[in-house]
Amino acid sequence: MNGRPSSSSAARFVAATIFIDAIGFGIIMPVLPTLIMKLDHGTLSDATRIGGWLWQTYAVVQFVCGPLVGGLGDRFGRRKVLLGSLGGMALDYLVLGFSPTIGWLFVGRFLAGIFGASYAPAMAALADISSAEDRARAFGQISAAFGIGFVVGPALGGLLGGIGPRWPFYAAAALAAVNFLYGLTVFPETLPPERRRRLELKRLNPLGALKAIGRSPAVLPLVAAYFFWQLAVMVYPVTWAYYAIASFGWSSGVIGLSLAVSGLGMAVVQMLLVGRIVKRFGERRAVMIGLTAACFAFAGYALTRSTAIVFCLLAISAFQSLVQPSLMAMMSKRVAADQQGELQGLNASVGALGAILAPFMLAQPLAWFTGPDAPFYFPGAAFVVSVVTGLSAMAIIAATPRAEPQPA
């Protein structure tokens, strides 16, 4: 695409991409336990373990591919990489929807790990078109798009799940295909040739990317905090549906409603409060506010046996949506302009590393404490782990010295 890239067109498409990604992500959550039990003919405890392994498969591939996707975006531009990811995700959802066995679910998760890296080039494109001062607000607005999508996705998944556990996957495939066609017509290239960097194979892996980003030492503690945060927040996609069934016996419709309420709360905070809170208190304090709210909610979920209290805690946990945009803005300011894609790719790998460990640290405790060999029944076990990892992120942020930002 020739000419000066349209910032408004790029921003609208990035928002649409994150929105539809969130719908696709959330639409399958209410029905995944049911589909696993249907294919495996096992118990909820068995499905919890298999669900954890599915997440792990996805996460391992994401860990490897995150810096590759980010590096390719820094070299060849965001447009080709992002559109390729979107087309691949449409294929992935079809594979998941038509899976005849558990093995095909693993094939689908493998494909998702390769193609489901659209978040990194999308956020890098946003960094391309926004100033350093505006990035927290811009990231917050995009996170709001995710929050709104996460309202629509689980609610739609719960409704479609009433027809059958495969229908949400078909709907996700259709949405991804529509977004691919939309991007094909409206998304301009956001990275001009003069800001692209040479492709270095040694930097197209997580360790190479970490070494390159490590030349800005002020970023490394924030990367560590981001890892602990990603591990903590993985409790929702990895265990929420299983936790809800084990604790309260919720149907797929109620699970979808709870996730929709959570997404609505996050969207409200991201659209109305992130920019104001960051402007008044700064990014660092905004991160700490979000982490405090998250840890309080984690502890509440672990201890409560009341559906009403859970829905009250969902309102409090909405403030955790301050963490992601504020922390990403802090990191983005500490690297050079030609490293934005690499940073986002590294963040994708760090998040994937958290997802690799999440089945061990979150799904397995839930499966154990709801299984027949547990010393006592405790479906809130995974949230105790999230409290610990969330507090670890807070400690790192508190100890991180301030640093001068890199040139935008």
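- Dense packing is recorded around OH of Tyr93, with more than 12 heavy atoms of other residues, nucleotides or ligands lying under 6.0 Å away.
- Within the 4.5 Å cutoff, the side chain of Leu259 has heavy atoms near those of the Ile255 side chain.
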**Message:** Go through it in stages, so that I can follow the logic: the residues are Ile50 and Asp40, the test is side-chain contact (heavy atoms from CB on, under 4.5 Å), and I'd like the CA-CA distance, side-chain angles, deciding distance and then a yes or no.
**Reply:** CA-CA 9 Å; Ile50 293 172; Asp40 185 58; 3.5 Å; yes
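- Between Phe248 and Trp250, the ring planes lie parallel to each other; the angle is under 30°, not in the 30° to 60° tilted range.
- Between Phe376 and Phe369, the distance separating the two ring centers is shorter than 6.0 angstrom.
- With sequence neighbours excluded, the residues forming a ring-ring contact (aromatic ring centres under 6.0 Å, His included) with Tyr182 are Phe13, listed by chain and number.
- Between Ile397 and Leu222 the shortest side-chain heavy-atom distance falls below 4.5 Å.
- Considering every non-hydrogen atom in both Phe180 and Gly87, the closest pair reads CD1-N, 3.9 Å.
- One distance of note links CZ of Phe227 with CG of Leu231; it measures 5.5 Å at 0.5 Å rounding.
- Side-chain atoms of Thr370 and Tyr242, non-hydrogen and from C-beta on, never get closer than 4.5 Å to each other.
- Atom CD1 of Ile289 sits about 5.5 Å away from atom CZ of Phe281, to the nearest 0.5 Å.
- Leu96 has its side chain within reach of Arg109: a pair of non-hydrogen atoms, C-beta onward, lies under 4.5 Å apart.
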**Test side-chain contact (heavy atoms from CB on, under 4.5 Å) applied to Arg284 and Val287, step by step** = CA-CA 5 Å; Arg284 179 190 297 263; Val287 172; 5.9 Å; no
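- Side-chain contact between Pro168 and Leu156: absent, with no pair of heavy atoms (C-beta onward) separated by less than 4.5 Å.
- Within 6.0 Å of the CE atom in Met361, the count of heavy atoms belonging to other residues, nucleotides or ligands does not exceed 12.
- Counting non-hydrogen atoms of other residues, nucleotides and ligands closer than 6.0 Å to CZ of Phe296 gives a total of 12 or fewer.
- At distances below 3.5 Å, not a single donor-acceptor pair connects side-chain atoms of Thr239 with backbone N or O atoms of Tyr236.
- Using a 4.5 Å heavy-atom cutoff, the side chains of Val385 and Val235 are not in contact.
- Between Ser262 atom OG and Leu257 atom CG the span is 11.0 Å, to the nearest 0.5 Å.
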**Request:** Start with the C-alpha gap between Leu105 and Leu35, add the side-chain angles, then the distance that decides, and say whether side-chain contact (heavy atoms from CB on, under 4.5 Å) holds.
**Result:** CA-CA 10 Å; Leu105 291 182; Leu35 182 59; 4.1 Å; yes
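- Of all the heavy atoms in Thr389 and Phe228, the pair that sits closest is O-CB, 3.5 Å.
- Atom CG of residue Leu327 and atom CG of residue Leu291 lie 8.0 Å apart, to the nearest 0.5 angstrom.
- Judged by distance alone, the side chain of Ser326 and the main-chain N or O of Val323 form no donor-acceptor pair under 3.5 Å.
- When atom types are taken as modelled, the side chain of Thr304 and the backbone of Gly300 share no donor-acceptor pair closer than 3.5 angstrom.
- Taking all atoms of both residues into account, the shortest heavy-atom contact from Ala246 to Pro379 is CB-CB, 4.1 Å.
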**Message:** For Leu32 and Ile36: C-alpha separation, side-chain torsions, deciding distance, then whether side-chain contact (heavy atoms from CB on, under 4.5 Å) applies.
**Reply:** CA-CA 6 Å; Leu32 190 58; Ile36 292 173; 3.9 Å; yes
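- Using a 4.5 Å heavy-atom threshold, the side chains of Ser258 and Val310 count as separate.
- The ring of Tyr301 has its center closer than 6.0 angstrom to the ring center of Phe383.
- Arg49 meets the side-chain hydrogen bond (donor to acceptor under 3.5 Å, both in side chains) test with Ser45; sequence neighbours excluded.
- The number of heavy atoms from other shown groups lying within 6.0 Å of CZ (Phe110) does not exceed 12.
- Checked against the 6.0 Å centroid threshold, Trp229 and Tyr226 do not count as a close aromatic pair.
- Inter-residue side-chain proximity for Gln230 and Gln324 is flagged as met; some heavy-atom pair is nearer than 4.5 Å.
- For Tyr377, the OH atom sits in a packed shell: over 12 heavy atoms of surrounding residues, nucleotides or ligands are nearer than 6.0 Å.
- Between Gln320 and Val233, the shortest heavy-atom contact is NE2-CG2, 3.6 Å.
- Remark: aromatic rings of Phe169 and Phe98 are distant, center separation not under 6.0 Å.
- Between the side chain of Arg166 and the backbone N or O of Gly161 there is no donor-acceptor pair closer than 3.5 Å.
- Atoms CE and CD1, from Met37 and Ile102 in turn, are 10.5 Å apart once rounded to the nearest 0.5 Å.
- Contact detail for Thr400 and Pro221: the closest heavy-atom pair is OG1-CB, 3.4 Å.
- Counting non-hydrogen atoms of other residues, nucleotides and ligands closer than 6.0 Å to CZ of Arg305 gives a total above 12.
- Nearest heavy-atom pair across Val278 and Ala286 is CG2-CB, 3.9 Å.
- Between atom CZ of residue Phe298 and atom CG of residue Leu391 there is a gap of 10.0 Å, rounded to the nearest 0.5 Å.
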